[in-house]
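Predicted model only: the values in this text are computed from it and were never measured. In what follows, chains are A, B, ... by sequence order, proteins preceding strands, each numbered from 1.
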There are 2 protein chains.
Amino acid sequence: MVDKPLKMKKSERTRAAIEAAARRLFAEHGYERTGIRDIAAAAAIDPAMVIRYFGSKDRLFAEVADFDLGLPDVASIDPAHVGRTLVAHFLALWEGDSANGGLPVLLRSAASNEFAASRIQQLFAAQVLPVLLSLGPPATASQRAGLVASQILGLALTRYVLALPPVVALDRETILAEVGATVQRYAIGG
Amino acid sequence: MVDKPLKMKKSERTRAAIEAAARRLFAEHGYERTGIRDIAAAAAIDPAMVIRYFGSKDRLFAEVADFDLGLPDVASIDPAHVGRTLVAHFLALWEGDSANGGLPVLLRSAASNEFAASRIQQLFAAQVLPVLLSLGPPATASQRAGLVASQILGLALTRYVLALPPVVALDRETILAEVGATVQRYAIGG
DNA sequence: TCCTTTTGTCAACATTTGTTGACTTTTCTC
DNA sequence: GAGAAAAGTCAACAAATGTTGACAAAAGGA
């Protein structure tokens, strides 16, 4: 046990299975409506294992909700297209089936889960706000970040959580153009 | 029992008390986190009465969620200020402590409650879309409604549900100007 | 006052929830 | 193969959930 085996240990495989199932179910039904037994069933394991591996439902949720927006570096963004760039990035974040699917998880539960809500707040404060700082008067950065958040999270809410038909029907290019223009205006400042 | 008494019957007063308590708690904690016993305690009555008066938790929620946006008539809106007008109306709808506080209730639960989600969809399809129909090409009305919904609901989500500090900090006039301009552009069509 | 209807109280139900501990099976090392 | 550690199984717990029915108090009409 001094050296880690090259092949993934069985325990890590089940741990990953639990995490994947949890991510999917939390993102689909939210925190309250997803039970330990549901997650266990989806991962084809015993409910007790979920607790054994993650301690509690809260800790499992926290683990799944802990991720990174992975925004491009401030310097590498063309200030003339921040809006479009940001929107494109978030679109990829929502539609990617990667392990980074934490954003759907968060937004689905944030309305009735304080932890998820404060996590979203942290994400925007720590990762979006810095990008906006250099794009306009620093004094208004917080206000600009708020407006950007209202539009980006609104798009995510209506398209991926509520799935309002008119918003779901929007094609990628329209979103990039229309919403991109809005975010651009918010980001630069009026 | 042929005629209704002029004064409110005692039963109607408790019924109203339950409804008020339910509205407040549903709006504050969402559907799943609000228990029948919580509502009963807030209304200072017995939990069984909640069921007696409303049949079930679902039906009570449906009752509380049944309301009207009360948008101004299409004809009475100045097309040059639709955006500002709409935003102002929704702001009032959110901040008003009136009996029409159904909108916070809906949005707080919509993420994990299918009924609430489809109710929101109905509201926009039946009340917002008609307003936009005459403001631009009818063929794009649905798309414009989707964009408007993404911004308005996004504002509501971040300001009243998630309470993101930068969005909460926005003063009324800034919101009317900035978000109003966005909604205006969406509503008219690009 | 008597009787009926309304309004409210109480205890209990079945189910589901997250979580735990005792136990067995598998896996790996010596 | 023996023994130890890890991984998995099973049954049960306490608490909370929505809901129900039997019963008591109050109100209103005759």
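- Rounded to an integer number of Å, the gap from CD1 of A/I18 to P of C/dT19 is 13 Å.
- With sequence neighbours excluded, the residues that form a side chain to side chain contact (heavy atoms under 4.5 Å, CB included) with A/T140 are A/P137, A/R144.
- Legend: residues meeting side chain to side chain contact (heavy atoms under 4.5 Å, CB included) with A/D66, ordered by chain and number and at least two apart, are A/R119.
- Shown here are the side chain to side chain contact (heavy atoms under 4.5 Å, CB included) partners of A/R172, two or more places apart in sequence or in another chain: A/L91, A/L176.
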Write out a two-atom table: protein N or O, nucleotide N or O from nucleotides 17-21 of chain D, distance below 3.5 Å.
| unit_1 | atom_1 | unit_2 | atom_2 | d |
| --- | --- | --- | --- | --- |
| D/dG18 | OP1 | B/K57 | NZ | 2.9 |
| D/dG18 | OP2 | B/I36 | N | 3.1 |
| D/dG18 | N7 | B/R37 | NH1 | 2.8 |
| D/dG18 | O6 | B/R37 | NH2 | 2.9 |
| D/dT19 | OP2 | B/K57 | N | 2.8 |

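- Atom CZ in B/F54 sits about 15 Å away from atom C1' in C/dT7, given to the nearest Å.
- Straight-line distance from the CD atom of B/E12 to the P atom of C/dG8: 12 Å, rounded to whole Å.
- At a threshold of 4.0 Å, the pair B/K57-B/E32 does not count as salt-bridged, since none of the basic side-chain nitrogens sits closer than that to a carboxylate oxygen.
- The hydrophobic cluster around B/L60 extends to B/I18, B/L25, B/F26, B/Y31, B/I36, B/I39, B/I45, B/M49, B/V50, B/I51, B/Y53, B/F54, B/F61, B/V64, B/V105, B/F115, counting ILVMFWY residues whose side-chain heavy atoms fall within less than 4.5 Å of a member.
- Note: CE (A/M49) to P (D/dT9) measures 7 Å, nearest angstrom.
- For B/D73, the salt bridge (charged side-chain N to carboxylate O under 4.0 Å, His left out) test picks out no residue, with sequence neighbours left out.
- Distances shorter than 4.0 Å separate some side-chain N or O of A/T14 from OP1 or OP2 on D/dG8.
- What separates NE2 of A/H29 from C1' of C/dT17 is a distance of 17 Å, to the nearest Å.
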